[in-house]
K.L.:
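My structure is below; once you've seen it, I'll send some questions.
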Amino acid sequence: MSAVDGNLFAQVEARADPAAPFIESDDGRSFTYSDLFALSARYARALGAAGVRPGDRVAGQLEKSPEAYVLWLAVARMGAAWLPLNTAYQPAEVEYFLRDAEPAVLVCDPAHLDERRALARACGVGEVLTLGADGRGTLADRAQAEPAEFATVARAADDLAAILYTSGTTGRSKGAMLTHRNLLQNGDAIARAWGFGRGDALLHALPLFHTHGLFISANCALLTGSWMLFQRRFDVDRLVDAMPRATVVMGVPTFYTRLLDCPRFDRAACRTVRLFVSGSAPLLAETSRQFAERSGQVPLERYGMTEAVVITTNPLRGERRAGSVGQPVEGVELRIADPDDRPLPRGQTGMIQIRGPAVMKGYWRNPEKTAEEFAPGGWFRTGDLGVQSEDGYVSIVGRAKDLVISGGYNVYPKEIELAIDALPGVVESAVIGVPHRDLGEAVTAVVVRRDPALTEADVVRALKEQLASYKVPKRVHFAAELPRNAMGKVLKSKLRETYGGG
């Protein structure tokens, strides 16, 4: 592979039919691969004129649109690294990412320009451009004046393509560095595993700031020259309306519970869909069973994470085992290890460790954390506890870290606990995830209060001003004290037993 071919975008150029459809949005706009090549060239030139050079970071806090997706590909094409930011992030959260990643340019929604410009200036970001959900903004204006040709920049396979931040149990986010090789190898592996080809149409209703929507689902279409039906956000009625034109649907468990709640969803509604994929959170066995009865198809459950994209998948053809996330995908070595990183026999529970070309390069500017998460021999410690059957199927049995996955989003309790503990009238708090039919897990807080007048509404209202909405607890319970073991550690298992049944 030549240096240019090491760039993910070069592979797209080599594989796609320029005249083929690429994206159709739910507002009626259509883009071919030729449109992708032209628009990404203009964006790359506009970013270059704004000072972006190969190796720089470009941050984007954008509403979902075809243009926002093309922007990420333009950044890859010009040899820079894309930093997608959740649209729900509040200014204090965005400030941390800007200071840590030091992007050359921030692209935001036009409605937030004044606020983000002041924040970017304080963080030393060179320039702020805008791009709205309708494809308009200062970036679009500048790009319109640029030529529609751009020579894709040569990149080594190990060069950085994107940084996606994932929180740690300390509450401090870490930037997972994903390379062109990571994305290309894993994208090709899952596209083959799931049988993607040019005749496929992916119904895409996931956000573009998360690994699932930005890479896992979209790369299957991108790397096989197939196309996507873009839904700006998940709306069950819109999803059912669009489904007769789709062949593949990917989503989080919430998608499937809400489809089951929709009377219009039945076998006729999904007659053209050959594959439903579920990920980002555990799919309840009962949900899978009910969905199979209604649709005639068992959802294909898979397992992945920001640091390694897709790790395992149930088979396209073969047994989709309830309660299992399947077998390792092509290129992934997986083992179950004890606390001392020694491999365990199949059938025993331990820490899931992986290695292979899809595992991230490391954490951005955090060599200590990178070293901490890798065992000798290059094995990445996922933080998940699991067991592997004799025939290779992996089941996730728990998480060594207190991660809560709510609606497909990773929520780390420590970050929320720190925010609650800082509120007036609070002594201390503990945050847990409890089972929730729609979200998979609901963020729940247990608070010891100093001020008896403090209410659940007070806590929720204060947190909504500081945190993204998916991090805000769905319920806040008050307790006289938190249960602890002899070493003083809060027994969250006891809290789950007490508060997890509602």
Side-chain angles (χ1 to χ4, degrees), residues 61 85-101 112 115-116 118-120 122-123 165-175 209 363-366 368-369 383 399 401-407 409-434 436 439 441-485 487-496 498-500 502:
Q61 189 179 29
L85 298 176
N86 192 321
T87 53
Y89 282 151
Q90 299 300 309
E93 295 169 297
V94 174
E95 180 180 3
Y96 168 74
F97 302 124
L98 298 184
R99 290 191 184 280
D100 192 59
H112 302 142
E115 185 180 66
R116 293 298 183 264
L119 186 61
C123 296
Y165 277 83
T166 177
S167 296
T169 53
T170 62
R172 181 59 70 188
S173 295
K174 314 179 296 294
F209 49 75
Y363 292 113
W364 172 256
R365 292 180 175 171
N366 200 337
E368 297 83 6
K369 190 63 179 175
R399 290 187 289 274
K401 301 172 183 177
D402 288 329
L403 175 68
V404 178
I405 302 180
S406 184
Y409 296 131
N410 289 356
V411 179
Y412 289 84
K414 192 64 178 178
E415 180 184 15
I416 305 168
E417 289 165 357
L418 291 171
I420 295 174
D421 293 350
L423 298 178
V426 171
V427 176
E428 63 176 344
S429 65
V431 171
I432 58 174
V434 302
H436 190 282
L439 300 173
E441 290 182 301
V443 179
T444 302
V446 183
V447 177
V448 178
R449 56 187 169 185
R450 181 179 297 109
D451 180 2
L454 184 70
T455 67
E456 180 178 29
D458 294 333
V459 175
V460 170
R461 182 166 50 249
L463 294 180
K464 282 184 175 179
E465 296 176 0
Q466 303 178 50
L467 302 172
S469 59
Y470 67 86
K471 300 178 185 177
V472 176
K474 297 293 181 285
R475 288 301 313 274
V476 177
H477 302 281
F478 294 98
E481 61 182 7
L482 299 178
R484 284 183 160 82
N485 65 12
M487 300 300 292
K489 181 179 175 59
V490 174
L491 296 172
K492 291 194 173 181
S493 59
K494 291 287 188 184
L495 295 177
R496 293 187 190 98
T498 303
Y499 300 102

K.L.:
Considering only residues two or more places apart or on different chains, which pairs with a residue in residues 418-428 satisfy salt bridge (Lys or Arg N to Asp or Glu O under 4.0 Å)?
P.N.:
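Those involving residues 418-428 are Glu428-Arg484.
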K.L.:
Determine whether Glu93 and Leu85 make a side-chain contact, defined as any pair of heavy atoms from C-beta on separated by less than 4.5 Å.
P.N.:
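No, their side chains stay 4.5 Å or more apart.
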K.L.:
Which heavy atom of Ser173 sits nearest to which heavy atom of Tyr165, and what is that distance?
P.N.:
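Looking at all heavy atoms of both residues, the closest pair is CB-CD2, 3.8 Å.
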K.L.:
About how many Å separate CG of Leu491 and CZ of Arg496, when rounded to the nearest 0.5 Å?
P.N.:
10.5 Å
K.L.:
Does the ring of Tyr363 carry Lys174 above it, NZ/CZ under 6.0 angstrom from centre and within 45° of its axis?
P.N.:
yes
K.L.:
Where do Leu98 and Ala120 come nearest, in terms of heavy atoms and distance?
P.N.:
CD1-CA, 4.2 Å
K.L.:
Report yes if some heavy atom in the side chain of Lys471 is under 4.5 Å from a heavy atom in the side chain of Val443; otherwise report no.
P.N.:
no
K.L.:
Mind checking what makes salt bridge (Lys or Arg N to Asp or Glu O under 4.0 Å) contact with Glu95, not counting sequence neighbours?
P.N.:
Arg99
K.L.:
Determine whether Leu439 and Lys474 make a side-chain contact, defined as any pair of heavy atoms from C-beta on separated by less than 4.5 Å.
P.N.:
yes
K.L.:
According to side-chain hydrogen bond (donor to acceptor under 3.5 Å, both in side chains), who are the partners of Glu417, at least two apart in sequence or on a separate chain?
P.N.:
Lys492
K.L.:
So does Lys494 have more than 12 non-hydrogen atoms from other groups sitting under 6.0 Å from NZ?
P.N.:
no
K.L.:
So which atom in Leu454 and which in Gly425 form the shortest heavy-atom distance, rounded to 0.1 Å?
P.N.:
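Taking Leu454 first and Gly425 second, the nearest heavy atoms are CD2-O, 4.1 Å.
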K.L.:
Can you name the closest pair of heavy atoms from Ala445 and Ile420 and give their distance?
P.N.:
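Scanning both residues completely, I find the closest heavy atoms to be CB-CD1, 3.8 Å.
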K.L.:
Scan residues 451-471 for pairs that pass ring pair (Phe, Tyr, Trp, His ring centres under 6.0 Å), counting only residues two or more places apart or in two chains.
P.N.:
Tyr409-Tyr470
K.L.:
Would you name the heavy atoms of Pro473 and Val460 that are closest together and state the gap between them?
P.N.:
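Taking every non-hydrogen atom into account, O-CG2, 4.1 Å.
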K.L.:
Looking at Ile405, is its backbone amide N or carbonyl O close enough to the side chain of Glu441 to form a donor-acceptor pair, meaning the two atoms are under 3.5 Å apart?
P.N.:
yes
K.L.:
Starting at NE2 of His477, measure out to CD1 of Ile432 and round the result to the nearest 0.5 Å.
P.N.:
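Interatomic distance, His477 NE2 to Ile432 CD1, rounded to 0.5 Å: 7.0 Å.
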K.L.:
Got a sec, which pairs hit salt bridge (Lys or Arg N to Asp or Glu O under 4.0 Å) with one end in residues 443-455, sequence neighbours left out?
P.N.:
none
K.L.:
Do you know which two heavy atoms are closest between Val404 and Gly433, and how far apart they sit?
P.N.:
CG2-N, 3.5 Å
K.L.:
Do the side chains of Val490 and Leu495 get nearer than 4.5 Å, heavy atoms only?
P.N.:
yes
K.L.:
What about the rings of Phe209 and Tyr89, do their centers lie closer together than 6.0 Å?
P.N.:
no
K.L.:
Would you list the pairs meeting side-chain hydrogen bond (donor to acceptor under 3.5 Å, both in side chains) in which at least one residue belongs to residues 455-464, sequence neighbours left out?
P.N.:
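Of all non-adjacent pairs touching residues 455-464, those that pass side-chain hydrogen bond (donor to acceptor under 3.5 Å, both in side chains) are Thr455-Asp458, Glu456-Arg475, Asp458-Arg461.
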